[in-house]
Protein chains: 2
Amino acid sequence: MSSTRSRKKTPPPAACTDAPAPATEAVDTSLLRTLVGYNARRASLSVIGLFMERMAVYGLKVVEFSVLSLVAHNPGITSRQLCATLNVLPPNMVGLIAALERRGLIERRPHPSDGRAMGVHLTPEGAALTAQAEQTAAQLEQDATARLTATERKTLIRLLQKVYD
Amino acid sequence: MSSTRSRKKTPPPAACTDAPAPATEAVDTSLLRTLVGYNARRASLSVIGLFMERMAVYGLKVVEFSVLSLVAHNPGITSRQLCATLNVLPPNMVGLIAALERRGLIERRPHPSDGRAMGVHLTPEGAALTAQAEQTAAQLEQDATARLTATERKTLIRLLQKVYD
DNA sequence: TATTGTTATACTCTATAACTATA
DNA sequence: TATAGTTATAGAGTATAACAATA
């Protein structure tokens, strides 16, 4: 979390000193800015960067918040379903779930109808933390998109979903 | 490039066999879908996934395309400027530039006014490849956002820039 | 035979510290 | 002193192959 990444370049207000302001001579990014991929990536890095900062308060990575929130709204969800929903490969979900279980935020119970699977559930502690984190996420939404009106924000989400759905 | 990532889940058309379709029982993602960050990330993964496939034809990674395009429109740009523009840390830009130089796509010349810096320029081969790749990128834009009207596409880009600018 | 969950492992991406040479 | 570029390296994220247990 430092140096280049996700920092709102703040070129000092150019206080008319005699320094030739080596700052960052203007770079032409006009072509890249016509590409949806470039803009979507920059916007997601910006929002998710703020997301990371706010979730760090709870000791959660972004993907861990996503897992907890999905478990909260889908009690008994399987590892396989979490993988498919979040585009995480099964071997990488193992450690993710193990870490949340070690912290006592979730627990795994045998799946009622499928002996191979384990259903994931929130513990009371996990439910409390998730509720808090979801509130933080809702507030963060406002902050991260402060330059958008409520209508613009809804339009943005609708168009993004149209792209990936 | 396989399994989970960026594949447009294609649950076979459910040909009315007697199989109980274990597929992927519906998961409630309604809360995550209210978050700009979640939607922006999924959309960017979707578009950039296609970007990766198309750029692979030229043996280019997405970030390499970005570097070439920036050099094309900013001849003599420095490594430092590329880093700042693309959110890549200086140590990681070294290998990136070295690889493009080894392929004969770019060349570095001493900066005219700053003895520490090197200006990056396209070779004729690099210029030809970049022109082709930029055309591919323009076409890809249409394909990746096929579900959007021209107006919606412009709106989407405008709103994304409003978020990260 | 196919699928869930798992281990082990490799590869890529990203980040930090420290050095050099110029400014 | 500060900056551009570099080296070496550490860490996180993402990928594949292969296995056991169950369907």
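Throughout, a chain's letter reflects where its sequence line sits, starting with A, and its residues are numbered from 1. Any value given below was found using the heavy atoms of this structure, including those in side chains, with hydrogens, waters and symmetry copies removed.
One can place CG of B/Leu86 at 14 Å from P of C/dC13, the figure rounded to the nearest angstrom. Between B/Ile48 atom CD1 and D/dT14 atom C1' there is a gap of 15 Å when expressed in whole angstrom units. Rounded to whole angstrom, the span from the CD1 atom of A/Ile97 across to the P atom of C/dT4 amounts to 13 Å. Protein atom CG of A/Leu96 is 16 Å distant from nucleotide atom C1' of D/dA15, rounded to whole Å. Note: CG (A/Leu89) to P (D/dA12) measures 19 Å, nearest angstrom. To the nearest angstrom, P of C/dT4 lies 13 Å from CG of A/Leu82. Between the CD1 atom of B/Ile77 and the C1' atom of D/dG5 there is a distance of 15 Å, rounded to whole Å. Atom-to-atom, CG of A/Leu45 to C1' of C/dA15 comes out at 15 Å; the value is rounded to the nearest Å.
Ion pairing between a basic and an acidic side chain is recognised when a charged N comes within 4.0 Å of a carboxylate O; B/Asp143 and B/Arg54 show such pairing.
Within the 4.0 angstrom heavy-atom criterion, no nucleotide atom of any strand lies near B/Met93.
Side-chain N/O atoms of A/Lys61 include none lying less than 4.0 angstrom from OP1 or OP2 on D/dA12. The phosphate of D/dA2 (OP1 or OP2) has no side-chain N or O of B/Arg80 nearer than 4.0 angstrom.
Using modelled atom types, one side-chain atom of A/Gln81 and one backbone atom of B/Glu25 make a donor-acceptor pair closer than 3.5 Å.
Residues satisfying the side chain to side chain contact (heavy atoms under 4.5 Å, CB included) test with A/Thr130, not counting sequence neighbours, are A/Leu68, A/Ala72, A/Leu122, A/Glu134. Remark: B/Tyr38 pairs with no residue by the ring-ring contact (aromatic ring centres under 6.0 Å, His included) rule, at least two apart or across chains. In this structure, the salt bridge (Lys or Arg N to Asp or Glu O under 4.0 Å) partners of B/Asp114, at least two apart in sequence or on a different chain, are B/Arg116.
Among A/Asn87, A/Leu86, A/Leu160, A/Asp165, the one residue that satisfies the side-chain contact (heavy atoms from CB on, under 4.5 Å) test with B/Arg42 is A/Asn87.
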Protein N or O to nucleotides 19-23 of chain D N or O, pairs below 3.5 Å:
from, atom 1, to, atom 2, distance (Å)
D/dA23, OP1, A/Gly115, N, 2.7

I'd like a list of close polar pairs between nucleotides 7-10 of chain D and the protein, N/O only, cut-off under 3.5 Å.
none

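Within the 4.5 Å cutoff, side-chain heavy atoms of A/Leu82 are placed close to those of A/Ile77. A/Gln132 places none of its side-chain heavy atoms less than 4.5 Å from the side chain of A/Thr136.
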Validation: residues 89-105 of chain B side-chain donor-acceptor distances under 3.5 Å, sequence neighbours left out:
from, atom 1, to, atom 2, distance (Å)
B/Glu101, OE1, B/Arg108, NE, 3.4
B/Arg103, NH1, B/Gly59, O, 2.8
B/Arg103, NH2, B/Tyr58, O, 3.0

